[in-house]
Amino acid sequence: MKLQVIGDPVLHSKSPVIHGAMLAALGLDIPYTAHVVRRGELPQYLTWAKGSGVTGFNATMPHKEDLLPLLDEIDPAAKALGAVNTVCLRSGKWVGFNTDGGGALAALKDGLGIDPAGHTALLLGAGGAAKAVALALSQAGAERVFVCNRTLSRAQELCGQDPLARLTSAPFDPGTLSSLAGTSQLLVNCTNLGMEGCPGRFEDFGFLDALPPEAGVFDLIYHPAETRLLAQARRRGLRTLNGLPMLVNQAVLALEHFLNRPLERKAMAGTAAAALANS
C-alpha cells in the first residue's frame, strides 16, 4: 500500500508531513510521498500508479477537474463540485472524492463553534475553493449564502449550481459588503487577498464594522497565519479562524477514504496540526 499527493508544482506540499504524522500515530507503516504529475500526464500516471501499488492519492493543481473523466466512479459530492482532491483504488477501480467542503465545515465547528444551519453567511470569491465551501454551507442548512465576487458573472454561475437555491450572487464593493455583513453571522474569505506574496489587498475593511459582534471570520489562507483581514477582525472583537484547520481536516477526511474506515477526527487533526507546527 502506497499513498501520494500529485500535482505540478507539488514538492512544496505539506501533505506528506500531515499524512505521515497521522499514519505514524495509527501505527501504520504506509509511505506517503509527493509525486510530480504534469498536465496531460494523468492517464499515464493512473496506469503506472495501479501497477506500482499506489492505493490512493491526493490531487492538487492542475488536476482536480481533469481527473473527472478518467475515474471509474465519482462520489456525488465531488461530482456536484466538478472537482476531486482524493482518489482511492477500490476493487480495481479509481474512485474520486472531494474533502474541501467537509474540511471547511469541520474547521468551522471545531475552530469557531459555528453550525451553519439557519445562519446567513457572506462569502468572498467564486473560484474552486469558494464553490466547495458555498455548496457545503448550503447543504449544511445555511439560510442564505451571499457570494460576492469582483466579476459578478462568476458569482452568478456559482450560485446557479446550488440545487437548494440558497446561494445569492452579489458584487464585491464596499457598500454591498457592508450591507450584507450586517445580516451575516459568518464571513468567509475564499479569495487570495491577503495571501503572502500576493499583491492584491482589501482596499477597505470598513465592512467588518457591520458584522454582528458574535460573528465569526474565516479566512481560507493559512500563510501568513494571520492575514490583514483576520487582524482587522480581531481588533474589532470578532472571532477569527485561518485556513490551517480546514487543511488539516481535509487531510483527516482523505485518510478516512484511503483507509476506508472512520477515524477519531479530533485526535488526528491535533496530530496533523502539531506535525505542521514542527515542520
Side-chain angles (χ1 to χ4, degrees), residues 80-81 100-195 200-221 226-243 245-246:
L81 289 173
D100 289 332
L105 293 178
L108 284 172
K109 180 180 179 181
D110 295 343
L112 292 177
I114 290 180
D115 179 349
H119 286 60
T120 296
L122 173 58
L123 187 143
L124 312 180
K131 182 179 180 181
V133 176
L135 291 178
L137 290 172
S138 174
Q139 292 162 6
E143 182 176 327
R144 180 63 51 193
V145 179
F146 293 106
V147 179
C148 296
N149 196 59
R150 295 191 189 279
T151 304
L152 183 59
S153 59
R154 292 196 65 190
Q156 293 170 333
E157 180 182 355
L158 191 163
C159 294
Q161 297 178 58
D162 177 22
L164 300 175
R166 290 173 173 157
L167 308 184
T168 300
S169 61
F172 193 116
D173 62 74
T176 300
L177 293 178
S178 291
S179 175
L180 298 178
T183 65
S184 302
Q185 293 81 46
L186 174 66
L187 170 69
V188 185
N189 177 39
C190 301
T191 75
N192 62 2
L193 292 174
M195 182 179 291
R201 295 288 184 269
F202 286 102
E203 291 88 359
D204 180 8
F205 290 97
F207 64 92
L208 293 173
D209 294 323
L211 286 168
E214 72 279 4
V217 178
F218 179 27
D219 197 328
L220 268 57
I221 295 169
E226 184 176 69
T227 61
R228 287 185 64 211
L229 173 66
L230 292 183
Q232 291 285 341
R234 179 174 53 78
R235 289 169 191 163
R236 288 165 167 82
L238 299 167
R239 293 175 296 148
T240 62
L241 182 71
N242 69 17
M246 177 176 170

What's the shortest heavy-atom distance between [X] and [Y], and which atoms?
X: Ala233; Y: Thr240; value: CB-CG2, 3.7 Å
X: Leu135; Y: Ala80; value: CD1-O, 4.2 Å
X: Cys190; Y: Leu220; value: SG-CD2, 3.9 Å
X: Leu158; Y: Ala134; value: CD2-CB, 3.9 Å
X: Ser184; Y: Ala215; value: O-CB, 4.1 Å
X: Ala132; Y: Leu81; value: CA-CD2, 3.3 Å

Atom [atom1] of [X] and atom [atom2] of [Y]: how far apart are they, to the nearest 0.5 Å?
X: Asn242; Y: Leu230; atom1: CG; atom2: CG; value: 6.5 Å
X: Ser169; Y: Asn149; atom1: OG; atom2: CG; value: 10.0 Å
X: Asn189; Y: Leu122; atom1: CG; atom2: CG; value: 10.0 Å
X: Leu167; Y: Leu137; atom1: CG; atom2: CG; value: 8.5 Å

*Is there any salt bridge (charged side-chain N to carboxylate O under 4.0 Å, His left out) pair reaching into residues 206-217, and which pairs are they, with sequence neighbours excluded?*
Asp209-Arg236
*Kindly state each residue pair satisfying salt bridge (charged side-chain N to carboxylate O under 4.0 Å, His left out) with at least one member in residues 133-153, sequence neighbours excluded.*
Arg150-Glu203
*Show the numbers, then the answer: is there a side chain to side chain contact (heavy atoms under 4.5 Å, CB included) between Arg166 and Val145?*
CA-CA 6 Å; Arg166 290 173 173 157; Val145 179; 5.6 Å; no
*asked:* So Thr183 and Phe146, do their side chains get closer than 4.5 Å, heavy atoms only?
replied: yes
*So do Val133 and Met246 actually touch side chain to side chain, heavy atoms under 4.5 Å?*
yes
*Run the side chain to side chain contact (heavy atoms under 4.5 Å, CB included) check on Leu187 and Phe207 step by step: do they pass?*
CA-CA 10 Å; Leu187 170 69; Phe207 64 92; 3.7 Å; yes
*Test applied, side chain to side chain contact (heavy atoms under 4.5 Å, CB included); reference residue, Gln232; option that passes from Leu208, Val217, Thr227*: Leu208
_Test side chain to side chain contact (heavy atoms under 4.5 Å, CB included) applied to His119 and Leu186, step by step_ = CA-CA 8 Å; His119 286 60; Leu186 174 66; 5.9 Å; no
What pairs of donor and acceptor atoms, side-chain ones from residues 108-118 against any protein atom, are under 3.5 angstrom apart with sequence neighbours left out?
| residue | atom | partner | partner atom | Å |
| --- | --- | --- | --- | --- |
| Asp115 | OD1 | Ala117 | N | 3.1 |

*Does atom CD of Glu157 have more than 12 heavy-atom neighbours, drawn from other residues, nucleotides or ligands, at distances under 6.0 Å?*
no
*asked:* Once ring-ring contact (aromatic ring centres under 6.0 Å, His included) is applied, do any residues pair with Phe205, and if so which ones, sequence neighbours excluded?
replied: Phe202
*For Ser138, side chain to side chain donor-acceptor pair (under 3.5 Å) partners two or more places apart*: Asp162
Show which side-chain atoms of residues 171-181 pair as donor or acceptor with protein atoms under 3.5 Å away, not counting sequence neighbours.
| residue | atom | partner | partner atom | Å |
| --- | --- | --- | --- | --- |
| Asp173 | OD1 | Gly175 | N | 3.2 |
| Asp173 | OD1 | Thr176 | N | 2.8 |
| Asp173 | OD1 | Thr176 | OG1 | 3.1 |
| Asp173 | OD2 | Thr176 | OG1 | 2.9 |
| Ser178 | OG | Pro174 | O | 3.1 |

